[in-house]
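Worksheet: the structure to be examined is printed underneath.
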Amino acid sequence: MFGNAGSDVTQVQTSTRVPAEAFRFRTPTIETPGIFVVIRWVYRLVRLVVLAPFRFPVSVGLIVSSAVIGHTFGALVLAIMWSVADLGLLVWWRRWPSSFRRLVALRVLAAWRWLANYQRHWQPVLVVAGLAESYQERQYLPRIRSVRCTDWADRVRVKLVPGTKPEDFQVRVDQLAHGFAAPSCRVHVNGARDVTLEFPRRDTLAEPLDALPVESPVDLRAVPMGLCEGGDPWTLRLHGTHVLTVGVTGAGKGSVIWSAIRALTPAVTDGSVQVWAIDPKRMELSYGRPLFAHYADSGESAVDLLEQAVSRMQERATRYAGKQRTHVPSAADPFIVVVVDEVAFLTAYHPDRDVRRRAENAIATLTSQGRSVGVSVLAALQDPRKEVMNLRNLFPDKIALRLDEASQVDMVLGEGARERGANAHLIDPHLPGVGFVKLEGSPVPVRVRAAFVSDDDITAMAHEGRGD
Ligand SMILES: Nc1ncnc2c1ncn2[C@@H]1O[C@H](COP(=O)(O)OP(=O)(O)O)[C@@H](O)[C@H]1O
Ligand SMILES: [Mg+2]
């Protein structure tokens, strides 16, 4: 029956030869007996019924109490009670909208989003994204633990399958965002097998932000700059670090520089902070000249300014040696912020080779030795490639505004930043001042927007604080 239609000899030969596949290892497939399948389904059903009051206490409570009231007092009483309850909700919503939103509206929304989006698309999206594991024809899928809604995002807490790790999610944020129809996705790691996926529902940074109120005294470790996507203030450390802001023309580098200078104004006035400004384009900083202790707008004068900062730094280092380990800003020893707009103009594009070399040397010296003696560099740059700015790694803190290419994201924010959701190359050109930063202690980039400091704001600041 199985032999071919040829001669007997052929049949004998095939029966004596052992086929090569016989030596290959095959995982034995063990069929689960039907009774176990039934037991498992019954167990799941019982577990759902037992756990439902704990997982959905409000819904279960409402259903059970409605059933009891309806059964005991009749449908009319039930309808009246529901109407009164609805009226109560209406009053709550009108009278205390924020607590109503937090305790009722966002919870209802979360249940809806769980059902209509995440639970519904979970399996296909995770399988296609490569986040489900298969073993012996069984599929292991990460499990949704909870879905919560904040004012602007859905937060889906996920229990991972053993053998997968949070980084597997972090490198697939694009697929996840696309799969759940969200503009982006970020992964917060809670534990080895516990992550929260954050899917924004709307862009909280779509509206420009007016210049922030100036706070006094100035906290040089947390200078207010703007807003984080989640609604928290975005603050920037200036003392003890150097900051490089990178973005194409029109990305809003000016608003980062000016937000920082604005926040420093009270300290500039009392003399504990000095801003030394270099403005090669003569466009960005000239408005605020009275605020600056030193100002330069040509290649030669800029290099002089930088070298003067280096001498000041070295003089301090000599004075502090063996006596003082950190710098405390004071009128006698102010914190010096060297602001350099379009830094590549000095280090790469200036026609005079000597100016380029001296500028690069001075910036390298300031960024490598200035931190502990109270000298910081705040620089802006358009093109982060090495050929243009090989000093970029001397800046411990970097801000990625809108960039030209995907490959530039990791150049600015470090390896893996783009995979973790810092899509700086996809920032809408109509949103200047929007960018990504890494905050201390977290590898997950945060989307931020700098406040916009208008020319009128700068003029008012220049009247208030005089840096010379
Ligand atoms: N944070 C911001 N919010 C709103 N608009 C901004 C912001 N930053 C910049 N802009 C607008 O974008 C334009 C270009 O910004 P600018 O800072 O000059 O860019 P860059 O210095 O990166 O070339 C500005 O003239 C301003 O109108
Ligand atoms: Mg500019």
Side-chain angles (χ1 to χ4, degrees), residues 203-214 223-229 231-236 243-264 275 277-289 291-292 295-299 302 337-350 377-385 388-389 392 395 397-405 408-409 411-413 424-437 446-461:
D203 188 356
T204 48
L205 305 177
E207 292 303 318
L209 221 72
D210 287 339
L212 299 178
V214 180
V223 167
M225 297 291 291
L227 208 58
C228 295
E229 190 173 45
D232 294 328
W234 168 35
T235 59
L236 184 70
V243 183
L244 183 64
T245 305
V246 189
V248 296
T249 305
K253 298 184 290 295
S255 62
V256 172
I257 288 180
W258 274 113
S259 291
I261 297 175
R262 178 178 173 80
L264 296 175
V275 180
I278 296 177
D279 187 17
K281 276 168 72 178
R282 296 174 195 177
M283 295 285 292
E284 193 63 74
L285 303 171
S286 55
Y287 252 81
R289 278 181 82 147
L291 287 164
F292 307 136
Y295 177 85
D297 56 9
S298 69
V337 191
V338 182
V339 176
V340 193
D341 191 33
E342 305 293 355
V343 60
F345 175 83
L346 290 177
T347 59
Y349 307 140
H350 197 279
V377 182
L378 171 61
L381 176 71
Q382 283 186 26
D383 184 344
R385 284 172 307 157
V388 178
M389 183 69 179
R392 62 165 194 253
F395 290 80
D397 292 316
K398 301 185 199 75
I399 299 164
L401 300 179
R402 183 160 63 88
L403 297 174
D404 263 337
E405 295 163 17
Q408 296 180 345
V409 174
M411 290 182 201
V412 180
L413 294 177
H425 58 299
L426 300 180
I427 292 173
D428 186 338
H430 297 106
L431 300 179
V434 169
F436 288 89
V437 294
V446 176
R447 193 161 169 271
V448 295
R449 185 162 197 177
F452 179 58
V453 184
S454 67
D455 293 350
D456 290 346
D457 293 322
I458 298 172
T459 311
M461 285 154 54

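Below, each value reflects all heavy atoms present in this structure, side chains not excepted, and no hydrogens, waters or symmetry copies. Indexing begins at 1, ligand by ligand and atom by atom, following the structure's order. Please read these numbers as outputs of a predicted model, since none were measured by experiment.
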May I ask you to check whether Leu209 has an N/O atom sitting below 3.5 Å from an N/O atom of ligand 1? no
Evaluate the criterion side chain to side chain contact (heavy atoms under 4.5 Å, CB included) for residue pair Val448 and Met225; output intermediate values, then yes/no. CA-CA 9 Å; Val448 295; Met225 297 291 291; over 6 Å; no
In the protein, which heavy atom is nearest to atom 19 (O) of ligand 1, and how far is it? Gly252 N, 3.2 Å
Applying side chain to side chain contact (heavy atoms under 4.5 Å, CB included) to Pro224 and not counting sequence neighbours gives Leu212, Glu215, Ala263
Identity of the N, O or S atom of Glu284 lying closest to the Mg ion (ligand 2): OE1
Is the shortest side-chain heavy-atom distance between Glu284 and Trp258 below 4.5 Å? yes
Shortest protein contact, atom 27 (O) of ligand 1 (heavy atom only): Phe452 CZ, 4.1 Å
Tell me, please, which residues at least two apart from Ala379 pass side chain to side chain contact (heavy atoms under 4.5 Å, CB included). Leu244, Val340, Val343, Val377, Phe395
The atoms of ligand 1 lying under 4.0 Å from a heavy atom of Glu284, numbered in the order shown, are 18 (O), 21 (O)
Protein contact to atom 14 (C) of ligand 1 [nearest heavy atom, distance to 0.1 Å]: Gly250 CA, 3.8 Å
Find all atoms of ligand 1 within a distance of less than 4.0 Å from any non-hydrogen atom belonging to Val248, and give their numbers and elements. 22 (O)
Is there at least one pair of N or O atoms, one from Thr249 and one from ligand 1, spaced under 3.5 Å apart? no
Using modelled atom types and a 3.5 Å cut-off, is there a donor and acceptor pairing between side-chain atoms of Arg402 and backbone atoms of Ala251? no
Under 4.5 Å between any side-chain heavy atoms of Tyr295 and Leu285, yes or no? yes
For the side chain of Lys253 and the backbone of Val248, is there at least one donor-acceptor N/O pair under 3.5 Å apart? yes
Phe436 and Ile399, any side-chain heavy atoms less than 4.5 Å apart: no
Are Gly247 and ligand 1 in contact, using a heavy-atom cut-off of under 4.0 Å? no
Pull out every atom of ligand 1 sitting under 4.0 Å from any heavy atom of Ser255, numbered as shown with elements. 1 (N), 2 (C), 7 (C), 8 (N), 17 (O)
I want to check something: taking the side chain as every heavy atom from C-beta on, are Arg447 and Leu205 in contact at a cut-off of under 4.5 Å? yes
What atoms of ligand 1 come closer than 4.0 angstrom to any heavy atom of Arg449? 3 (N), 4 (C)
Identity and separation of the nearest protein heavy atom to atom 17 (O) of ligand 1: Gly254 N, 2.9 Å
So the atoms of ligand 1 within less than 4.0 Å of a heavy atom of Ala450 turn out to be 1 (N), 2 (C)
Evaluating non-hydrogen atoms only, which member of Pro208, Pro432, Ala211 is closest to atom 6 (C) of ligand 1? Pro432
